[in-house]
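Quick notes on the structure that follows.
Proteins get letters first, then strands, A, B, ... in listed order; numbering begins at 1 in each.
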Amino acid sequence: MKILSAKVLLPILGAALVVGATSGKTVTVKGSDTMVIMAQRWAEAYMAKHPGAVIQVTGGGSGVGLSALVNGSTDIANASRPMKSSEMNQLKERYGSLGVEIKTAKDGITLYVNEHNPVNELTLEQLREIYTGKITNWNQVGGSNSKIILYGRENSSGTFAYFRDNVLKGKDYAPSCQHMPGTAAVVNAVSKDKNGIGYGGAAYAKGVKEIAVKKDAATPGVKPNAQTIKNGTYPISRYLYMYLRNRPSGEAKQFIDWVLSPEGQAIAVKVGYFPAK
Amino acid sequence: MDTKIKIPEGLRKRMRPSDWIAAQSIRAVAVVSLITIFLILVFVVKEAVPVFTGHAETSQAVAVAGPNASKGDSNASPESYGGASDNSAAAAPESYGDDSFTAAGTAAAGDSSQSDTSQAAATQQSYGGSGPSDAAAGVAAEAAPAAPDASGEELSKPKPFTPWNLLSLSWSPVSNENPMFGVWPLILGSLKVTFIALLLGGPIAILSALYTTTFAPRWAREIMKPAIELLAGIPSVVLGFFTLVVLASILQSIFHWDFRLNALVGGVGMALAVIPIIYTVSEDAIAAIPRHLTEGSLALGATKWETNFLVVLPAATPGIFAALLLGVGRAFGETMIVLMATGNAALIDPGLAKPVRTLSASIGAEMAEVVQGDLHYSVLFFLGVLLFAFSFGLNAVAEFGIRDRLLKRFKGI
Amino acid sequence: MNKKIIGKLAMGVTALCAFGTIAAVLWIVGTIVWQGAPTISWTFLTSAPSEGMTGGGIFPCIVGTFLLVLIMSVIGVPVGTITAIYLSEYVDRESTFAKWVRFAVNTLAGIPAIVFGLFGLGFFVRFGGGGLDAIFSHGKLHWAQPNILWASFTMALLTLPVVIVSVEEALRNVPQELRAASLALGATRWETIWKVVLPNCMTGVLTGAILAVSRGAGEVAPILFTGAAYFLPQLPGGLDSQFMELGYHVYIMATQSPDVEATKGIQYGTTLVLLSLTFALNFSAIYLRATLRRRSIQ
């Protein structure tokens, strides 16, 4: 019985090997979890318009995408943070180029709190102290007397890195900050936890309340929306990038050009982000 | 019962060639599959060895050296940036696209052959505004999202990595300031979850086994045994899903802990995974107790429960112990349940209702993001070595230590 | 009087544990069935995810899981069977070699699944893939990446002990007299194995294969970084493609989907499909094993 199935299967597998080895037009996109919904919609829409093109999308975090870029296992890396110099170095070591960076959309990192939380706005300073563990109780920032429960992303996340570099000024998160595997998990956790606070891309905020962020105690709080991000009044906004090893060519180039076109940018808006320009 | 037929010497020469080929190939395949276990050890250790043999600079060290260098002294630019003077593409990734701001940024970087400007541009692009936002940055400033004031707060330079870092008390591998690869929080996390899982699952499983083999009527046993073993058929990812989505909320509404996802919740989920294993093996052990023991005890006037608890259970101790060891092994290395339900925070805290980060969850969560070959990658493999060593040690203890010794104790049976 | 009460209590406690466990099982299965059944439909099972993973179905996951266990079985079941034959027919049971082998198999069975994933990454993807690349693609990166081939190899290794143990048990159940008779009639050892022993323990081989498949379909940790992907627009086209998988999909949907509340239905639906698959496999294995026992008792 085993031999029989082997006789049948080996040729099939052999054929598959051959077929697989000669397949060409697949573009692999890996990386940012923040961008993965958008990337997947882009892939869907692009493939609908260009039958024959194959765009594969995987998430995992900006770190995943960029290391896959360095490892060579992806064509395009999605990143919700700029490439680190160490990653640039590794790219240079292995491929002799510093990579190509493409700004595909803008995003505002939103701070979520539970819908029943009375706090509505926080300054950047307060956010920094909350996430580094200096402020531990909601009543220190105008809320009820309860412990602040911190939710964040995994180390591989670009959002994690960006938040740490720009809001925490490079300081480490408090050790009690829980690492959730994805923004959706952060939102889910905060929606179920009265004392929770979390951060993530603007597109995910469902079932939670957005905090208006103030640059400092004097300026008014700003909520992330198309206007405030475009004119830069929302303090925590960032670009969402696609990185490649070399200048895009072939199918990848067509895909990227389409992503940057009004059509692609409209999809970014539909998903909840903002156009790159 | 030995199933190998011993062919007498004289007949052995009559092996046909096909027979000999068959024998050799079978031997080859079997040997290959048996040495894979050693292969596993070798390869996991091989990838972990660089932790000890010197990754002098971590990728973090190189990263931080960048902004530090460009802050003051423009000439102290590390060569590793790919000297801008000969490389017209500048020490930054090229930018592509219609974005006019980006084009300007590239132009500014490309035109200047001075290392410091392109250095600043490189910093600008790589840190999204946390570097010194000076002249070159001014061009890209309108395009760059208004980052919070890039105050020149000096990040302390990280200490170079030494293997002693592994013994530190915090796990933050991607920290800018000070990447820490301390394994203690992770080991503690795994131990906590294992402890809770065994504490909850062990007694339940053993007592259930006792019930179905001794107290329950025959027909009930035929139904209950498969029902409990059904739990073994549930994949761990489903148990993790159930714990995350259903159990966590229920437990939170009962206990009102600070943290909704914590070691206790993970432990409850893990108990569900561990119960069928302990149950099956304990059940086998209890059922194997010879009847004359039970009958003798009853004949001497003991009640049913006295017999079961004071005679049968102690007699089945070797098997039950083996069952518990199997449960510990499973709980320590399980990944999916803890990845979804424990909050994944590398805390060192005696409390049980606090989030934890286990060895297995760290590997599972971080492996995909590391660049193959760098320090973080090697450390994760080192965590794998720890897991392997633990399960190996446990198995060795079970095989060679406990079973033989305990069997000798109960040899009188 | 005292004893009677303690007796009743003791029995009560153990009964509670047993029934409690069964209740827990029913609760878990019940919740999944109840919440997941509304999502199951022909469309769900045969279409790909759409609407940014909040709609559509799980067809690629089902196909991916199927391909994974297929390739895994093709690799793992023969190897495991042959190893079991070797252990049973060619080696003395009490020899030190046999003891070491048994120890090795037991240890293999106890290694956490994630360590298999690490090994898969380090050995199959990097070492094996690198080797293939050096030979076939002149160094260009093609095979040294996570794909379904390496994931299947990893899973085959993971389930090897299951196969070995099952087949060995079946081989042990073949009466010694059969072997002796066959050899007495002039057959060689290999002929005996191939024509007399094996056909009699096919149920055991099948049981082992089914249990391995059930384990392989359910484990997610080893494929986290050796081949599973979040969204693939096409079904895997060759051994070098990545694949979507049911268990991985459950994990992804529960933690990284675009909208956790909206995709609840999909999560439960996928879980239900996965659970049905593993249960069906386990039940058939149990049934086969019962048949095996009945037959050998006669």
Under a 4.5 Å heavy-atom cut-off, does chain C meet the side chain of [X], its backbone, both or neither?
X	value
B:F381	both
B:I275	side chain
B:M224	both
B:F392	both
B:E306	side chain
B:V42	neither
B:L272	side chain
B:L247	side chain
B:L41	neither
B:T335	side chain

Find the one option among [options] whose heavy-atom pairs under 4.5 Å with chain B are most numerous.
options	result
C:A10, C:A15, C:A217, C:A24	C:A15
C:V13, C:L26, C:V79	C:V79
C:S88, C:A104, C:G218	C:S88
C:T192, C:L224, C:T271	C:T271
C:G80, C:G20, C:S214, C:P112	C:P112
C:T107, C:N282, C:V25	C:T107

With a 4.5 Å heavy-atom cut-off, do [X] and [Y] have their side chains touching?
X	Y	answer
B:V245	C:Q267	yes
C:I28	B:L239	yes
B:I234	C:T278	no
B:V237	C:L274	yes
C:L121	B:Y377	yes
C:T21	B:I204	yes
B:W305	C:K8	no
B:E47	C:R126	yes

Below 4.5 Å, heavy-atom pairs only: which of [options] has the largest tally toward chain C?
options	answer
B:P235, B:G201, B:A227, B:G329	B:P235
B:G233, B:G384, B:P203, B:S25	B:G233
B:I40, B:T214, B:L230, B:L231	B:I40
B:L339, B:T36, B:I206	B:L339
B:L387, B:L394, B:I35	B:L387
B:V32, B:V31, B:T303, B:L39	B:L39

Quiz item: What parts of residues 113-120 of chain C touch chain B if we use heavy atoms and a cut-off under 4.5 Å?
Solution: C:I114, C:V115, C:F116, C:L118, C:F119
Quiz item: Could you give the distance from CG (C:L275) to CZ (B:F241), rounded to the nearest 0.5 Å?
Solution: 11.0 Å
Exercise. Please round to the nearest 0.5 Å and tell me the distance separating atom CD1 of B:I26 and atom CD1 of C:I193.
Key: 5.0 Å
Please classify the contact of [X] with chain B as side chain, backbone, both or neither, using a heavy-atom distance under 4.5 Å.
X	result
C:F225	side chain
C:T31	side chain
C:I111	both
C:V91	backbone
C:L108	both
C:I32	side chain
C:L9	neither

Quiz item: Who passes ring pair (Phe, Tyr, Trp, His ring centres under 6.0 Å) against B:Y279, sequence neighbours left out?
Solution: none
Compare every heavy atom of [Y] with every heavy atom of [X], then report the nearest pair and how far apart it is.
X	Y	value
B:M336	C:A221	SD-N, 4.0 Å
B:L244	C:T255	CD2-CG2, 4.4 Å
B:A396	C:F103	CA-CE1, 3.9 Å
B:S391	C:G110	CB-O, 3.6 Å
C:E219	B:S236	OE1-OG, 4.5 Å
B:D19	C:R189	OD2-N, 3.7 Å

Exercise. Verify the neighbour count for atom CH2 of C:W34: are there more than 12 heavy atoms of other residues, nucleotides or ligands below 6.0 Å?
Key: no
